[in-house]
Amino acid sequence: MEKTPANIEIIEKYCKGCHICVEFCPTKVLEMKGFVASVKNLEACIKCMQCELRCPDFAIKVS
Amino acid sequence: MSFDYDKYIRPGKLPHIWCPGCGHGIVMKGLIRAIDTLGLQKDNTAIVSGIGCASRLPGYMDFCTLHTAHGRAAAFATGVKMAKPEMNVILVGGDGDGTAIGGNHFIHACRRNIDMTYIIMNNNIYGMTGGQFSPCTPTGAKASTTVYGNPDPAFDVAKLAIGAGATFVARGTAYHATQIDKLIAEAIQHKGFSVVEILDDCPTTYGRRNKFKSVIEMMNRLKDIAVPVKAAEKMTAEQLEGKILTGVLYKEERPNYTDEYAKVIERAKK
């Protein structure tokens with residue numbers, strides 16, 4: 001069975017660039033682009049939701 | 001699947017005022033998930049706070065909310081609960097607001113065992129007012145008013161709550177995000193005064209004065225010092241040195257204040 005690819009939405013208006021999502025992603029999907037987080041390697045995402053859970057700014061949505 | 005936080009947040013209120021990396025947002029998310037799990041109704045739930053960074057939380061929540069005087073969250077919340085005992089009352093605040101300025105209200109709310117839930121976000125400092133030391137600032141730590149190191153020992157909020165008579169006491173950390181909503185949900189369900197202490201990080205006024213290079217370092221510290229209660233049972237006192245227990249620390253059943261007061265009203269009517 002093919003797994004459905006993840007969709008990571010980053011609301012740049014809310015992101016304050018604290019690095020929490022980038023640092024605690026177990027598969028290193030995210031990176032910092034300037035002051036905000038952005039997706040670097042979407043294929044590696046295992047949808048563990050750690051970034052969404054730990055984002056203090058309500059800026060990440062994983063589906 | 002992504003959790004829809006937006007339906008519990010007042011439209012147009014985000015982004016919030018908390019600094020980059022502040023754990024208060026993580027706690028707010030946990031509170032929202034707990035409320036969603038329990039299916040609490042917006043017009044039957046009051047969220048009450050005092051003053052401080054953490055006390056800004058009710059402003060973002062689309063519930064009945066009260067933003068009150070510094071340290072007086074427990075006093076106002078007691079009023080709400082006495083007037084409307086069927087209402088779910090949740091208090092939020094920081095360590096300075098809850099244990100120093102509101103310390104008296106806090107211990108007496110514990111003693112009375114009023115059916116409310118108090119979420120204390122303990123970031124070891126007064127953040128909003130400029131980084132003054134609070135009763136939860138660890139010994140030796142630097143704050144704007146203890147530049148040579150804090151000589152005072154810190155309060156253990158959980159032990160204080162247990163000693164004062166709270167009937168449900170739990171502790172979590174901002175790092176352990178999945179645990180926060182479970183602890184808060186259990187606390188809200190508990191009939192009596194429940195206290196949930198969430199160890200938090202304040203990178204702006206605490207972290208930079210105490211040699212934390214980044215938010216990540218502060219988060220990793222929370223990860224390192226936290227030991228679940230069950231794991232701690234198998235550990236020696238030496239291994240537990242410098243660690244902090246997390247999970248449900250104390251639970252007992254005791255008559256709660258609103259029920260007891262209803263009996264007083266009945267007696268007075270006779």
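Letters A, B, ... mirror the listed sequences (proteins, then strands); counts begin at 1. Heavy-atom basis, side chains included; hydrogens, waters and symmetry copies ignored. Remember, predicted model here, so these are calculated numbers, not experimental data.
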**Student:** Please flag which part of A:C15 lies under 4.5 Å from any non-hydrogen atom of chain B: side chain, backbone, both or neither.
**Tutor:** neither
**Student:** To the nearest 0.5 Å, how far apart are OG1 in B:T178 and CD in A:Q50?
**Tutor:** 6.5 Å
**Student:** How about A:K61 and B:D6: do any of their side-chain heavy atoms sit closer than 4.5 Å?
**Tutor:** yes
**Student:** What I want to find out is whether B:K29 reaches A:D57 closely enough, with some N-O distance under 4.0 Å, to be called a salt bridge.
**Tutor:** no
**Student:** Which pair of non-hydrogen atoms, one from B:W18 and one from A:K16, has the smallest distance, and what is that distance?
**Tutor:** O-NZ, 2.6 Å
**Student:** Do any of residues 18-37 of chain A have a heavy atom less than 4.5 Å from a heavy atom of chain B, and if so, which, in residue order?
**Tutor:** A:C18, A:H19, A:I20, A:E23, A:F24
**Student:** Tell me, yes or no, whether the heavy-atom count around B:K13 atom NZ, taken from other residues, nucleotides or ligands under 6.0 Å, exceeds 12.
**Tutor:** no
**Student:** Should the heavy atoms of other residues, nucleotides or ligands under 6.0 Å from CD of B:Q41 be counted, would the total exceed 12?
**Tutor:** no
**Student:** Would you mind checking which part of B:I9 comes under 4.5 Å of any heavy atom in chain A, side chain (CB onward), backbone (N, CA, C, O), both or neither?
**Tutor:** side chain
**Student:** Shortest non-hydrogen contact from B:S2 to A:E52?
**Tutor:** OG-OE1, 3.2 Å
**Student:** Could you look at B:I32 and say if it's the side chain, the backbone, both or neither that has a heavy atom under 4.5 Å from chain A?
**Tutor:** side chain
**Student:** Count the heavy atoms belonging to other residues, nucleotides or ligands that lie under 6.0 Å from CD of A:E9, then report whether that count exceeds 12.
**Tutor:** yes
**Student:** If you measure from NE2 on B:H16 to CZ on A:F58, what distance do you get to the nearest 0.5 Å?
**Tutor:** 5.5 Å
**Student:** So with a 6.0 Å cut-off around CZ of B:R56, is the heavy-atom count from everything else above 12?
**Tutor:** no
**Student:** Restricting to non-hydrogen atoms, name the atom on B:A177 and the atom on A:L53 that form the minimum distance, rounded to 0.1 Å.
**Tutor:** CB-O, 4.0 Å
